[in-house]
There are 2 protein chains.
Amino acid sequence: MKQETRKEEIIKTAAKLFKEKGYSAVTMRDLATDMGIKAASLYNHIDSKQEILKVIIISIAKEFTDGMHNITQTESSSISKLKKIVALHVKITANNTNDMASLNNDWMHLEEHLEYYLKLRNEYETSVISIIKAGIANSEIKKTNPEIIMFSMLTTLRSLYLWIPKKEDLDRNELTHSLNQVLIEGINI
Amino acid sequence: MKQETRKEEIIKTAAKLFKEKGYSAVTMRDLATDMGIKAASLYNHIDSKQEILKVIIISIAKEFTDGMHNITQTESSSISKLKKIVALHVKITANNTNDMASLNNDWMHLEEHLEYYLKLRNEYETSVISIIKAGIANSEIKKTNPEIIMFSMLTTLRSLYLWIPKKEDLDRNELTHSLNQVLIEGINI
DNA sequence: GTCTATAACACGATAGAC
DNA sequence: GTCTATCGTGTTATAGAC
C-alpha cells in the first residue's frame with residue numbers, strides 16, 4: 001500500500017467536499033478545517049484551489065480515455081463493447097466516487113485546462129456513438145436514434161457516483177450485470 | 001400572452017446563469033449585468049439571492065409532484081404509467097430547460113426550503129418504485145432490481161435539460177417515442 | 001509543515017437620492 | 001425602478017516566524 005502524500009490527502013478531502021457542495025461553494029477554509037489545519041498551510045502543498053480541481057478532473061478523464069482506448073482496440077461485437085463500457089464506468093466510479101462528482105458538475109470551472117477536458121470528453125462520446133452505429137449497421141442493435149442511446153447510457157453511467165455509495169451491499173459484478181440488463185436488454189417482457 | 005413582471009424576468013435570467021455556472025458561482029453583479037442594470041436595483045424586486053433559487057426549484061418540483069399525482073391516479077398498466085412519466089419529463093423539461101439545471105444541481109444550496117424539497121423528491125421516487133414493483137408483480141416488467149430500473153430511468157430523464165436544447169430540430173413526440181424505446185424496450189434485437 | 005497576520009479584492013445586501 | 005455610495009464580511013493567496 002502506497003504512502004499517501006500530504007498533497008494527495010488534500011486533494012482527496014477536497015473531492016469529498018466538492019461532491020457535497022460543488023467547487024465554488026467550498027472555501028479553502030472549509031478544506032483546511034476538514035484537514036484539521038489552517039487555510040494558509042494548504043499552500044505549502046498546493047499552488048491554488050484551481051490546481052486541485054484540475055488534478056481531480058484531468059486524472060479521471062484520462063482514466064476513461066485509456067479505458068475506452070482498450071475497448072475500441074478489441075475485436076468483439078458492439079453489444080459486447082457496450083457491456084465493457086458499462087463495466088469500465090462501474091470500476092472507475094467505485095474507486096473514485098467523489099472525483100466523479102467534480103468531473104460531472106464542476107468541469108466548467110476549469111480555467112486553463114477546460115479546452116483539453118472538452119476535447120477528451122468529445123472524443124469519448126464519439127467513440128461510443130461509433131460503437132452504437134456499427135451495432136445498428138450489422139443488426140446487433142435496434143434502429144433507434146444512436147444519439148439517444150448514447151445519451152441514455154452515458155447519463156446513467158455518469159450518475160453512478162450518486163448511487164454506488166448508497167448500495168455498498170450490492171457487489172460490483174451484480175451491479176454491472178443489472179445495468180447491462182436495464183440499459184441493453186430493456187425492462188419489458 | 002401574459003405580461004412578464006420584472007421579478008419574473010430576473011428569475012428567468014438567473015436560471016439561465018445558474019445553468020451555466022451553478023448557483024454559487026453566479027454573483028448578483030453577474031445577474032444585474034445580464035439584465036442591464038446595477039446589482040442594487042435587483043433588490044427592489046427580490047429579497048435575496050436565496051429567494052431566487054427557492055422560487056426556481058420549488059415551482060418546478062411542484063410541477064413534477066402534480067404530474068405524478070395525475071399518473072398514479074389513472075387506471076392503466078405499469079408500462080403505460082412509465083411511458084407517461086417519460087412524457088411528463090420531456091414536457092416539463094422542454095418548457096423549463098434552465099430551471100431543470102438548478103433543480104438537479106443546486107438543491108443543496110437551499111437554506112429554508114431544503115427539507116421540503118427533499119420530501120417532494122423522496123415521494124416522487126417512491127411513486128416510481130411502486131409502479132415498477134407493481135409491473136414486476138404482474139409480469140409486465142422483467143425481474144430486475146427495481147431500484148436500478150428507477151435509477152437508470154430517472155437519471156436519464158433528469159439529464160434531459162442538457163440534451164433538449166441541442167436537439168431543437170427533433171420534435172417532442174419523436175423524442176418521447178425514442179426514449180420509451182431505449183428505456184423500456186431495450187436496444188438489442 | 002503549520003502558524004499568525006494581513007494584503008487585495010469580491011461578495012450580498014442596505015441607505016438614500018433621483 | 002434605477003442609481004451611487006458604502007457597510008460588513010468572506011474570499012484566495014502571500015510573507016515571514018517557528
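Naming: A, B, ... by sequence-line order, numbering from 1 per chain. The shown structure was predicted, so the numbers you read here are calculated from the model rather than taken from an experiment.
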Short N-O contact, B:Lys83 and B:Glu140, less than 4.0 angstrom: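 Judged by the 4.0 Å cut-off on N to carboxylate O distance, B:Lys83 and B:Glu140 do not form a salt bridge.
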Taking NZ, NE, NH1 and NH2 as the nitrogens, is one of them in A:Arg6 or A:Glu9 under 4.0 Å from a carboxylate oxygen of the other?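 Salt bridge: yes.
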Spacing between [X] atom [atom1] and [N] atom [atom2], to the nearest angstrom:
X        : N      : atom1 : atom2 : value
A:Ile46  : D:dT12 : CD1   : C1'   : 10 Å
A:Glu51  : D:dT12 : CD    : P     : 15 Å
A:Lys38  : D:dA15 : NZ    : P     : 21 Å
B:His45  : C:dA13 : NE2   : P     : 15 Å
A:Asp47  : D:dT14 : CG    : C1'   : 13 Å
B:Lys49  : D:dT9  : NZ    : P     : 19 Å
B:His109 : C:dC11 : NE2   : C1'   : 15 Å
A:Leu31  : C:dT2  : CG    : P     : 12 Å

Please pick, from [options], the nucleotide with the shortest atom-to-atom distance to any side-chain atom of [X].
X       : options               : result
B:Ile37 : C:dG12, D:dT12, D:dC3 : D:dC3
B:Met28 : D:dG1, D:dA13, C:dG12 : C:dG12
B:Ser48 : D:dC3, C:dA13, D:dT2  : C:dA13

Name the residue closer to the 5' end of DNA chain D, choosing between A:Asp30 and A:Ala40 according to the nucleotide with the nearest heavy atom.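 Of the two residues, A:Asp30 wins.
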Quick check: closest heavy atoms across A:Leu17 and A:Leu31, and the distance to 0.1 Å?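 Result for this residue pair: CD1-CA, 3.7 Å.
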Just to confirm, is there a sub-4.0 Å distance from OP1 or OP2 of [N] to any side-chain nitrogen or oxygen of [X]?
X       : N      : value
B:Ser41 : D:dC3  : yes
B:Asn44 : D:dG1  : yes
B:Tyr43 : C:dT14 : no

Test item: B:Lys12 side-chain N/O and B:Asn98 main-chain N/O as donor-acceptor pair under 3.5 Å: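 Judged by distance alone, no pair lies under 3.5 Å.
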Going by modelled atom types, is there a donor-acceptor pair between the base of C:dG12 and the side chain of B:Arg29 at under 3.5 Å?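 Such a pair exists between side chain and base.
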Using the rule given for salt bridge (Lys or Arg N to Asp or Glu O under 4.0 Å), can you reason through A:Lys7 versus A:Glu51, listing the C-alpha separation, both sets of side-chain angles and the distance that settles it, and then say yes or no? CA-CA 11 Å; A:Lys7 180 167 180 172; A:Glu51 189 207 357; 2.8 Å; yes
